[in-house]
K.L.:
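Below is the structure I would like to discuss, written out as structure tokens.
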Amino acid sequence: MTLNRVARWLAFGLATGAAWFVLSAPAQAVPVFARQTGHGCQACHTSPPELTAYGREFKLNGYTFGEAQPFPVAIGVMASIEYVGDNTDHSTPGAKVCPDCNEAHIDQGSIYFGGKITENIGMFGQWTFAQTGGGSGPWASAEDNTEVRWVHRFSSMGNGENDSVVGLMVNNNITMQDVWNAVPAWQFPGWFANSQSGFGPVASTFLDDGVVGGQRLIGFGAYVWWKKTIYAELSEYQKPWGSFSWFVNGSGNNQCPGNPSTPSGCTAFAGNPSDVLDHWNPYYRLAYSHDWDYNSIEAGIFGISAKTYWDAAYWTPGAAEPGFGGNAPGVFTSGNSTSKYNDFAIDWQYQYNRNEPWVFTAAGSWIHENASLSPWFQNGLVSNSSDTLKEFKIRGTLYYHRMYGASLSFTNLTGTTDALRYAQGSGGGSASGSPASNYWDIELDYVPLQNMKFLLHYTDYTKLNGGAGNFDGFGNNSTGQNTLVAGIWWDF
Amino acid sequence: METNMTRNAPWAARILTGFALALMATFAAAEDAAAPAAAPAAAPAGPTELAPSPLAIKLAPERAHLLAGKWCQACHGHNGVSVAPTFPILAGQSSEYLALQLKYFHNLNQDDRAVTHESMFEQWILNVTDLRKVLGYRYEDAPRNEDRAWDFMKGVARDLDSPTMQALGDYYAKLPAPPGRPAKGDLERGKTLFAEGDASKGLLACAMCHGPDAHGQGPIPRLAGQHADYVFVQLKFIQSGIRAVDQMQALIANLNDADFKAVAAYVQTLD
């Protein structure tokens with residue numbers, strides 16, 4: 001018998017053993033937190049990523065329930081096929097709205113890591129692999145939503161059982177630290193990250209990652225969760241630096257600031273992905289929560305007061321950063337050096353979680369943004385020195401036996417018309433300069449396993465960037481951007 | 001044969017078995033002989049009972065206190081009084097009963113009926129081929145669907161040693177039970193069932209074991225002041241065998257949902 005033959009058999013044997021091992025792995029072997037706590041997914045999630053009351057407790061207690069795991073890593077995969085209403089980009093002959101629609105592909109793969117580290121410290125980490133350039137570019141990986149928490153439980157009355165939590169945290173995306181699913185980071189739609197779609201709204205608020213983008217900044221926060229009733233938080237967001245740059249690893253190359261000018265800025269931006277966020281950008285959050293019977297309600301406010309420097313597109317790499325020891329050549333002509341975004345939001349959520357047979361959630365948010373865009377205005381890149389933008393969302397999600405789900409949401413964007421900021425442009429600009437958009441999202445889910453979801457998601461644009469027919473001035477219609485997604489989401 | 005064996009096997013045994021399969025294939029080739037059909041040996045599964053160390057016994061009360069204020073409270077509420085009826089009120093509960101339940105949840109980690117020890121593949125097949133589940137009959141479904149036990153408590157009890165389980169029982173037993181609360185339902189019927197039973201349905205008075213005030217004793221749980229909906233769901237589980245309580249299953253075999261609702265509502269009103 002030749003050595004070659006032995007090697008072949010050995011390889012076959014190893015492959016068989018490995019396949020058998022994977023297929024027979026206990027179903028409990030789902031992401032990190034399930035292994036740590038021994039819970040099913042449904043203890044913490046009505047349907048991922050939405051949290052149950054217990055899931056909120058778990059997060060606010062810093063992910064420290066259970067036993068720390070020796071190998072705290074898990075995998076998530078999203079794959080899908082998309083269709084758009086009209087895949088002809090009328091602005092460019094021969095071009096498609098969505099070049100990679102109509103074919104099945106993997107949207108993204110994630111590695112989850114973290115969980116309990118000590119009795120008082122825990123983390124949630126996600127490293128995501130996705131195709132760049134809206135699905136046509138090469139695959140790249142970047143830090144996704146990631147946070148670390150330190151928590152301390154205490155008794156608010158000073159005696160008896162502990163009933164409240166204080167915590168400190170570091171994270172890389174505004175509102176990812178929140179536990180209710182009406183905030184931008186965790187609201188529906190947006191639970192499934194399909195990489196392909198038609199043209200979408202040109203505008204989104206600072207809170208909704210519309211200016212700097214998620215995972216391009218770093219936040220330090222402190223919070224108190226008082227007697228399961230009051231949640232109060234103060235955070236401060238800024239550009240990552242030094243070892244904290246780890247929190248935004250990789251995101252410099254595949255996420256763009258994009259507002260209010262060309263998104264090509266970020267690709268021209270060499271070096272470590274520090275963003276053009278000013279030093280201190282306070283974020284605040286106050287929420288009231290009340291549970292009774294199988295019901296939970298929440299009502300709250302949140303907001304940020306942020307300042308940004310010149311867009312990276314106009315900052316010569318290697319030059320001194322604006323505002324940090326001198327202006328880069330050719331960057332500013334005059335006037336204020338920063339744009340200011342004041343976002344204020346209210347949100348609410350109602351959850352009915354009887355486990356069997358029905359689970360129901362209703363949630364909504366309203367974000368109001370005042371943007372003072374002096375540097376842009378003075379350089380003739382926007383039409384108004386200040387703009388407002390309002391984003392309204394409402395949704396309902398219903399699950400039957402935790403197996404069949406349906407969600408419906410409505411989003412309404414309105415704001416100041418700004419012909420230069422929301423310019424007419426090929427590929428989904430705005431002919432009228434208006435950011436106004438209305439769209440519906442409907443999703444049907446089938447969850448055969450707690451850690452596996454099949455979904456059909458349809459987005460229907462009744463108004464896009466100020467119009468319906470020919471909204472971009474190049475012949476594209478809002479209905480042509482309607483997108484149907486058939487997807488699968490599997491965490492293991 | 002292999003399926004049964006591996007289903008019970010802990011992770012280490014799975015890894016060993018995986019390697020054994022790989023080695024077997026290799027040896028079979030090297031000897032140029034057909035592989036024997038016998039399944040490889042693996043460590044026997046099942047709970048391993050170790051006598052608790054004196055230190056574990058000494059530390060248990062403090063551990064229990066910390067656990068209660070940190071993890072247990074997330075569902076069972078401040079001082080053992082839960083809000084959502086998914087989770088039972090623990091304050092004032094019999095300490096022996098609580099320790100027994102924790103032991104039961106702990107052992108679910110080794111129980112071959114627990115769904116989490118079916119492979120993902122098996123579980124998927126079971127799910128997609130189970131017509132009853134597709135139609136929504138989950139209460140009557142197989143034992144693997146005791147969602148609440150294995151979604152929540154199985155994991156909580158997984159890493160507890162027996163002194164800590166006992167200490168947790170003692171901790172909650174000492175907390176003051178909340179007073180009874182008004183409940184919707186046929187309280188008269190509930191009271192009759194509880195105090196006198198129903199001879200026509202073969203039901204003895206609940207009070208015979210649970211006590212005239214439903215305060216329970218030893219392994220018999222306190223029901224007074226418990227969430228009516230929790231009691232109702234447990235009665236359904238026990239009747240269908242999902243929750244194995246043999247003594248009760250026979251007694252309540254002929255009761256219907258209306259009976260369950262009535263008696264569950266009644267016990268919620270008791271102090």
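Reckoned from all heavy atoms, side chains included, excluding hydrogens, waters and symmetry mates. Letters go in sequence order (proteins before strands), and every chain restarts at 1. Nothing here was measured: the structure is a model prediction, and the numbers come from that model.
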K.L.:
For A:D291 and B:V83, work out which heavy atoms get closest and say how close.
P.N.:
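Scanning both residues completely, I find the closest heavy atoms to be O-CG1, 3.4 Å.
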
K.L.:
Is any side-chain heavy atom of A:T37 closer than 4.5 Å to one of B:W71?
P.N.:
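Result yes, sub-4.5 Å side-chain heavy-atom pair found.
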
K.L.:
Quick check for you: to the nearest 0.5 Å, what is the distance between A:D293 atom CG and B:D229 atom CG?
P.N.:
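Those atoms lie 7.0 Å apart.
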
K.L.:
Sort A:N295 into side chain, backbone, both or neither according to what part of it lies under 4.5 angstrom from a heavy atom of chain B.
P.N.:
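Neither the backbone nor the side chain of A:N295 comes within 4.5 Å of chain B.
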
K.L.:
How far does CD of A:E161 sit from CG of B:L175, to the nearest 0.5 angstrom?
P.N.:
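The distance works out to 6.5 Å.
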
K.L.:
Side chain, backbone, both or neither: which part of A:S155 has an atom under 4.5 Å from a heavy atom of chain B?
P.N.:
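Contact with chain B involves no heavy atom of A:S155 at all.
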
K.L.:
What part of B:A68 gets closer than 4.5 Å to chain A, counting heavy atoms only: side chain, backbone, both or neither?
P.N.:
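For B:A68, the contact with chain A is made by backbone and side chain together.
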
K.L.:
Nearest 0.5 Å, please: how far is NE2 in B:H78 from OG in A:S156?
P.N.:
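Reported to 0.5 Å precision, the distance equals 7.0 Å.
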
K.L.:
Between B:F152 and A:Y54, does the ring centroid distance fall short of 6.0 Å?
P.N.:
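Judged by ring-centre distance (under 6.0 Å), B:F152 and A:Y54 do meet the cut-off.
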
K.L.:
I'd like to know if the side chain of B:K70 reaches the main chain of A:E119, judged simply by a donor and an acceptor atom lying under 3.5 Å from each other, with no hydrogens or angles considered.
P.N.:
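Here the side-chain-to-backbone pair exists.
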
K.L.:
Just wondering, more than 12 heavy atoms not from A:I106 lying within 6.0 Å of its CD1?
P.N.:
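It does not: A:I106 CD1 has 12 such atoms or fewer within range.
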
K.L.:
Are B:Q73 and A:N61 close enough that some pair of their side-chain heavy atoms sits under 4.5 Å apart?
P.N.:
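The answer is yes, as the side chains (C-beta and beyond) meet within the 4.5 Å cut-off.
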
K.L.:
Can you list every salt bridge (Lys or Arg N to Asp or Glu O under 4.0 Å) pair that touches residues 38-67 of chain A, not counting sequence neighbours?
P.N.:
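Non-adjacent pairs meeting salt bridge (Lys or Arg N to Asp or Glu O under 4.0 Å): A:E50-A:R395, A:E57-A:K228.
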
K.L.:
Quick one: which residue pairs count as a salt bridge (Lys or Arg N to Asp or Glu O under 4.0 Å) with a foot in residues 148-159 of chain A, not counting sequence neighbours?
P.N.:
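Sorted result for residues 148-159 of chain A: A:E147-A:R149.
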
K.L.:
How long is the straight-line distance from SG of B:C72 back to CZ of A:F65, given to the nearest 0.5 Å?
P.N.:
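Between A:F65 CZ and B:C72 SG, I get 9.0 Å after rounding to 0.5 Å.
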
